[in-house]
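Residue numbers start from 1 in every chain, and the chains themselves are labelled A, B, ... in the order their sequence lines are given, proteins ahead of strands.
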Amino acid sequence: MLQVPFIRDNKAVVIERLSKRNIDAAKLIDDVIVLDEKRRSTQADLDNTLAESNSISKEIGNLFKSGKVEEANALKAKTGELKEASKTLTEQLNTTAESLQELLFQIPNVPHESVPDGNSEEDNEEVFKAGEVPSLHEGAQPHWELAKKYDIIDFELGNKITGAGFPVYKGKGARLQRALIAYFLDKNTAAGYTEYQLPHLVNEASGIGTGQLPDKEGQMYHVTEDNLYLIPTAEVPGTNIFRNTVLNEADLPIGITGYTPCFRREAGSYGAHVRGLNRLHQFDKVEIIRVEHPTKSYEALDSMVNHVKGILEELKLPYRILRLCAGDTSFASALTYDFEVFSTAQDRWLEVSSVSNFETFQANRLKLRFKNANGKNELAHTLNGSSLALPRILAGILENYQTETGIDIPEVLRSYTGFDSI
RNA sequence: GGAGAAAUGGCAGAGUGGUCGAAUGCGGCAGUCUUGAAAACUGUUGAGGGUCACACCUCCGGGGGUUCGAAUCCCUCUUUCUCCGCCA
């Protein structure tokens, strides 16, 4: 959520930057400013009414004390009127504030100046590419075939137990999953991130805090009996650690990492791109989250990108980094880099990580602040990224490391798996 | 799941209808003293809205109510603690 004073002071810039997202925000921004003015003037009226009412109440108290009961009772009539007035004003204030909030919820984050124009993934800018695309043997297969051939992932069993998109990992497949999680967590903690184990269900306030609610409600599994939501990413519980928090400047930067399963309804997805591990309702992911001083957040973003790069290089997977264009950058993000691994057998790029700087957009909703050098509370910047998402990494490994006789395990993982090949 | 108790500022902890945004202690910050530090002493120290700045308003777990007036009374939700039950 953008800050109203920021919108007020930078109206033209906000509109211009939002136009990169292909949004004509002029009307929306005007409405916000008008509503905010109305909110403030209603608040002022209400405050004055309450002030008068407060002072009369005090007077009544004093009159009662000195035994002037009749005078006191006379004043009560006056406060009755004020009470009515303040009630109406409160209602007005609430509706105005709600409408304002609704508008603000509709406005995405302002893209960073380096974000390229564009509407779709074709306009994303490749900023880095590395790794060798292996030349596979004749008859190389996509991972869903390999999974069946080596009996390491059972999609049909998942269908039986739960439904589509809930695969069952077996034997070496399960062990490889566990190895990847442990390896990622080790890399992240070695880079200074503190490991967390987080709840997999969150309440409504947390969903609102990171922006899944109220808009993207349909994307989360909802446990209605207890009004809890299954997390779509560790970002939700991880970032909500800091909801309604005032940190000390010296606490920054904060870096945390955690492994969680992620649950996504993926309503509306279909087709070839959802085959195998490409798109699932439940998958595993190791996330990194940072809370940064506003002057340091882009430095932090770079270091996160370098960190993920390091992991992909150790895994020796061919990958590229994209700077997402404005149209492809998620609602809350100011700047996002996507990492994609090349799947040789599928002959396509698979997104394995998305690293974003949200600047104050999330912090504003979360009320995540720190006490700055002047002793004032200031919104912090939040960032997060996958480090990394398991299924497509697994797909990438299976497909790129396949040989005619099996699947080699990347060397860095062998101490975790306890075997060299499948 | 049942019975009972509780939730107050960074922490501890007073406050059961009016002058309480809130005693006191600890902690934090600033100063005095000191070569420096500690101790001692003095001052200061929650958040949000609003204003050029004041004023002013709101917040004593969340929401609602009673009252001219609520931290204080009532309802409700959440959380914590104690006891019982169940349980990995």
Side-chain angles (χ1 to χ4, degrees), chain A residues 1-9 32-101 103-104 197-209 213-214 222-229 237 240-252 254 291 360 362-380:
Chain A
M1 195 165 69
L2 294 175
Q3 300 170 81
V4 176
F6 175 80
I7 294 176
R8 221 190 300 151
D9 297 341
V32 164
I33 290 171
V34 168
L35 271 178
D36 178 56
E37 267 163 23
K38 187 171 173 213
R39 200 208 92 233
R40 289 190 348 254
S41 76
T42 312
Q43 178 83 60
D45 291 346
L46 176 62
D47 287 356
N48 290 334
T49 311
L50 289 175
E52 199 180 335
S53 172
N54 285 346
S55 89
I56 293 176
S57 289
K58 267 183 195 164
E59 217 176 317
I60 291 174
N62 289 331
L63 288 171
F64 271 125
K65 249 180 207 164
S66 47
K68 296 174 184 164
V69 177
E70 273 179 39
E71 285 178 48
N73 283 330
L75 280 177
K76 282 192 190 180
K78 178 73 180 156
T79 56
E81 283 170 35
L82 291 171
K83 206 176 177 183
E84 277 306 306
S86 70
K87 208 172 164 186
T88 332
L89 284 168
T90 304
E91 278 163 20
Q92 276 178 30
L93 182 66
N94 288 342
T95 44
T96 310
E98 263 169 46
S99 320
L100 178 60
Q101 180 88 316
L103 288 188
L104 288 170
Q197 277 201 20
L198 296 159
H200 301 170
L201 280 89
V202 293
N203 58 29
E204 207 174 344
S206 292
I208 292 169
L213 298 175
H222 186 191
V223 181
T224 51
E225 190 165 1
D226 299 295
N227 198 26
L228 296 172
Y229 295 86
N240 273 284
I241 291 172
F242 304 102
R243 172 155 46 87
N244 286 326
T245 301
V246 183
L247 300 163
N248 294 313
E249 198 166 10
D251 296 336
L252 302 174
I254 294 172
V291 181
T360 60
Q362 280 186 330
N364 190 31
R365 259 206 209 194
L366 289 164
K367 296 201 168 54
L368 162 54
R369 295 148 297 172
F370 68 96
K371 215 164 260 308
N372 68 20
N374 302 324
K376 291 276 182 198
N377 287 343
E378 185 177 340
L379 292 174

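As judged by a 4.0 angstrom heavy-atom cut-off over every strand, A:T79 is placed among residues touching the sugar-phosphate backbone only. Contact annotation for A:A51: backbone-only contact, meaning every heavy-atom pair under 4.0 Å involves sugar-phosphate atoms and none involves a base.
Among the nucleotides B:rC68, B:rU58, B:rC56, the one closest to any side-chain atom of A:L50 is B:rU58. Checking B:rU58, B:rC56, B:rC68 against the side-chain heavy atoms of A:N54 singles out B:rU58 as nearest. Comparing atom distances between the A:F64 side chain and each of B:rC57, B:rC68, B:rG50 picks out B:rC68 as nearest.
For the pair A:K58 NZ and B:rA70 P, the interatomic distance rounds to 12 Å; values are reported in whole Å. Between the CG atom of A:N244 and the P atom of B:rG10 there is a distance of 12 Å, given to the nearest Å. When rounded to the nearest whole Å, the span between CG of A:L89 and C1' of B:rC57 equals 12 Å. Whole-Å rounding puts the A:E59 CD to B:rU67 C1' distance at 18 Å. One atom, CD of A:E52, and another, P of B:rA55, lie 19 Å apart when rounded to the nearest Å. For A:K87 and B:rC68, the NZ to C1' distance is 16 Å, given to the nearest whole Å. The interatomic distance linking A:K367 (NZ) with B:rC59 (P) rounds to 16 Å, in whole Å.
Contact of A:N377 with B:rG48 (side chain to base): no donor-acceptor pair of N or O atoms is detected under 3.5 Å.
Nearer to the 5' terminus of RNA chain B, by closest-nucleotide assignment, is the contact made by A:K371 (compared with the other of A:I60 and A:K371).
Base pairing of B:rU51: no nucleotide in any strand meets the Watson-Crick or G-U wobble criterion (both distances under 3.5 Å). Partner assigned to B:rG4 is B:rC81, using Watson-Crick or G-U wobble distances below 3.5 angstrom. B:rA71: no Watson-Crick or G-U partner with both key distances under 3.5 Å is found in any strand. Nucleotide B:rG43 forms a pair with B:rC29, judged by Watson-Crick or G-U wobble geometry with both contacts under 3.5 Å. Remark: B:rA37 base-pairs with no nucleotide; criterion is Watson-Crick or G-U wobble with both hydrogen-bond distances under 3.5 Å.
Look at A:R369 and you'll find a side-chain N or O under 4.0 angstrom from OP1 or OP2 of B:rG48. The phosphate of B:rG69 has OP1 or OP2 within less than 4.0 Å of a side-chain N or O from A:K83. Contact annotation: A:R39 side-chain N/O to B:rG49 OP1/OP2 distance is not under 4.0 Å.
The closest side-chain heavy-atom distance from A:L89 to A:L50 is not below 4.5 Å.
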